[in-house]
Amino acid sequence: MQALLWAGRRVLTGLVTLFGIAVLVFMAARIVPGQTADVLLGPLATPEQRETLTEEMGLNEGLLTQFSIWIGNVLQGDFGDSIVSRQPVLEELALRLPVTATIALLALLMALLVGIPVGTVQALRASRKGGAVASRIVSGLGISVPDFVLGALVVLAFSTLPLGITIGNFTSVTDTFWRGVASSLLPAAVLAVFCAAATARTTRDAVLGVLVEPYIQAAVARGERPATIVRRHVLRNSSIPILTLTATLLAYLLGGAVIIEGLFNVPGIGSYFILAMDRRDYAVIQAGVMLAAVVFVLMSLLVELSSSLIDPRVSTIGKAS
Amino acid sequence: MTGTAASRATAAGGLRKLRTSDPVFFTALGMLTLLILASVAGRLIPGLNDGTSSVGGRFEAPSLAHPLGTDGLGRSLLARLLEGIGTTFMLSLAAVVCTAIIATALGIIAAYAGGWAREIVMRIGDILYAFPAILLALLIAASLGPGGTAALASIVLVTVPLMTRMVGAAAAQVVQRDFVTNARISGVAAPLIMVRHVLVNVAGTVIVQATYALSVAILVEGGLSFLGYGVQLPASSLGLLASEGNVYMLTAPWILIASGSTMVIAILAVNLLGDCLRDRLEPRKAVDLT
């Protein structure tokens, strides 16, 4: 019962967060300098044209009325039309989603496959002197290299050195699946570097936190083999922080897409977003930012609810978080 | 992440322990000092960055006259890099100071007042935390217009939620301790308790989190300027130079390599500094299994 109440409370706070995100995104587009009609019609428009457009877009209404109309449309999946292509924004984004999703999922997979083992080994060897400094610097380097610097350097390397891969001719997974995956590998690898290092650090911290628990000492005292202890006690009990991190990583990957897709000439949501920034296509900017934030909130909610299934203690300390 | 109350109580002792040799700590501190000194020197050395310097040809490769080569207008890249380091650090430090003040105040007030105050602070934090850093920064740049102000505001909004959460969690533990209850019963004014008893005991967390916020700040300034919405020409910043380096990648690869590696060194040094401070100020013990 208590767990159910806790879950209900979490879903409710999730909804509050989503509402706040909507308010923020709406306000951000309203404090833009200059009248929307001027931006849309350009300097050559007549006052009558501006008047008509302002009327048409409902910009004469009060802010609250505008917001309620906007949020009503958004809830029905209508983010308005792109002012450039005149197509519904959601359709434009859906068209480009598979490309961005492939890169994000590949990067996440790479990060977890590298980060979790590395972090575990680092934690188990934490009390040793040798190699500690080197491993700190290497994992520190991973979270310190900005994705745009790494991406640009990779593009530079592959453009000037004969490394066998040409950057720029991207194939989408919706065209040819495996060629799509292959051409997503390089951008995904660039994004995966930060994620893998962050995963390794979180895993290391989580494992170190578990290692001080009395049940580990008890297991050691019982004479269990180290490999068994790591598998049965350590990794299972340190899985929640790693699970929580994946939500944060997903948010990072959606943001990173904005930079990496432009660098690697990938026609995904990220490069479309940058194009929208250049063209001041506010409906697209709003929808893109909103989409990323909503994905993060839903993912966090999913993670929290599944953490409470892995470890029921999570739902009993709800107040202390 | 949550250090024990006992470890925070010895924050001052932890800082003192830093003096005992830790090669990583001193390397990181050394690298940062060097970067900052270099950017100051860049402003002081005559002929380097005061407009009287000789202008070379466009995109000249590194040479004796221009150790890092020249940019698209024939200016010495070294001079622009030193100026860029200065801009990036000034902007990032200013933003982090704002973040530290806002986040510490909100975190302590939320923990001390509890109830609705805490709920509101945490929910606003949740909302801001939901946006990927660079998207939030771009959204702000789209509404405020590109430039240094947008970069500063973005950094503050990106770093405040996490720091508030961390300081709030640390303060929540301190607030429950006997000396705080004691002070409350004795009738000490709330603001005084928050400063004298709570702030003092979360100082370690504040220092550690502010250091990490600085590395995020350099990243956000870099990303925003790289995309063309942060610091604008003719000024210089590390992100702006990296952006130029990206455009002229094949003509003048030294611009990208010099600005990119400077940025990596700066962020790495700040992160390592944060790690060392965290290990000292919020220590944990572990058993050796292998």
Side-chain angles (χ1 to χ4, degrees), chain A residues 13 16-17 20-21 24-25 28-29 31-33 123-128 133 136-137 140-141 143-146 148-149 152-153 155-156 159-160 205 208-209 211-212 216-217 220 226 229-230 234 251-252 254-256 258-259 262-263 273-274 277 280 282 285 288-289 292-293 296-297 300 320, chain B residues 1 23-24 27-28 122-124 126-145 169 172 215 218-219 222-223 226-229 239 242-243 245-246 249-250 253 256-257 259-261 263-272 275 284-290:
Chain A
T13 43
V16 171
T17 310
I21 289 167
L24 197 74
V25 168
I31 57 171
V32 171
L124 295 179
R125 297 188 167 183
S127 54
R128 289 188 183 175
V133 170
R136 267 162 84 187
I137 290 176
L141 201 61
I143 62 158
S144 302
V145 181
F148 54 93
V149 169
L153 287 174
V155 172
L156 174 66
S159 328
T160 47
D205 286 350
L208 279 178
L211 287 180
V212 296
I216 300 294
Q217 285 177 356
V220 174
I229 298 178
V230 169
V234 176
Y252 164 80
L254 290 176
V258 167
I259 285 167
L263 279 176
F273 188 87
I274 288 300
M277 284 288 294
R280 303 191 185 283
Y282 285 105
I285 298 174
V289 174
F296 175 75
V297 172
S300 313
Chain B
M1 281 292 179
V24 177
T27 315
M122 291 299 158
R123 291 294 81 79
I124 293 176
D126 280 356
I127 292 165
L128 288 176
Y129 195 68
F131 296 94
I134 197 71
L135 285 185
L136 185 58
L138 283 172
L139 187 69
I140 293 163
S143 0
L144 292 185
S215 87
I218 301 174
L219 260 177
F226 185 80
L227 291 171
Y229 293 95
S243 163
N246 184 43
M249 180 188 284
L250 295 177
L256 176 64
I257 292 169
S259 58
S261 49
M263 197 177 276
V264 173
I265 291 171
I267 299 175
L268 178 65
V270 174
N271 274 332
L272 289 177
D275 287 352
R284 280 155 308 181
K285 286 198 187 96
V287 293
D288 191 357
L289 263 188
T290 51

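Residue numbering restarts at 1 for every chain, and letters A, B, ... go by the order of the sequence lines. Just so it is clear, the model here is predicted, and its values are computed rather than measured. Quick note: numbers below take in every heavy atom, side chains included, and nothing from hydrogens, waters or symmetry partners.
Both the backbone and the side chain of A:Val289 come within less than 4.5 Å of a heavy atom of chain B. Both the backbone and the side chain of B:Leu268 come within contact range of chain A, each with at least one heavy atom under 4.5 Å from a heavy atom of that chain. Heavy atoms of B:Leu227 lying under 4.5 Å from chain A belong exclusively to its side chain.
Counting only heavy atoms from C-beta outward, the side chains of B:Leu128 and A:Leu24 approach each other to under 4.5 Å. Taking the side chain as every heavy atom from C-beta outward, A:Ile285 and B:Leu138 never approach each other to under 4.5 Å.
Interface check for chain A: of the options B:Leu135, B:Ile257, B:Ile134, the most heavy-atom pairs under 4.5 Å are formed by B:Leu135. With respect to chain A, the highest number of heavy-atom pairs below 4.5 Å among B:Ile124, B:Leu139, B:Thr27 belongs to B:Leu139. The most heavy-atom pairs under 4.5 Å with chain A, out of B:Ile218, B:Leu256, B:Leu136, B:Ile140, come from B:Leu256. The most heavy-atom pairs under 4.5 Å with chain A, out of B:Gly223, B:Pro253, B:Ala269, come from B:Gly223.
Shown here are the ring pair (Phe, Tyr, Trp, His ring centres under 6.0 Å) partners of B:Tyr229, two or more places apart in sequence or in another chain: there are none. Every residue two or more places apart in sequence or in another chain that forms a ring pair (Phe, Tyr, Trp, His ring centres under 6.0 Å) with A:Phe148 is listed here: B:Phe226.
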| field | Test side chain to side chain contact (heavy atoms under 4.5 Å, CB included) applied to B:Ile267 and A:Val145, step by step | value | CA-CA 8 Å; B:Ile267 299 175; A:Val145 181; over 6 Å; no
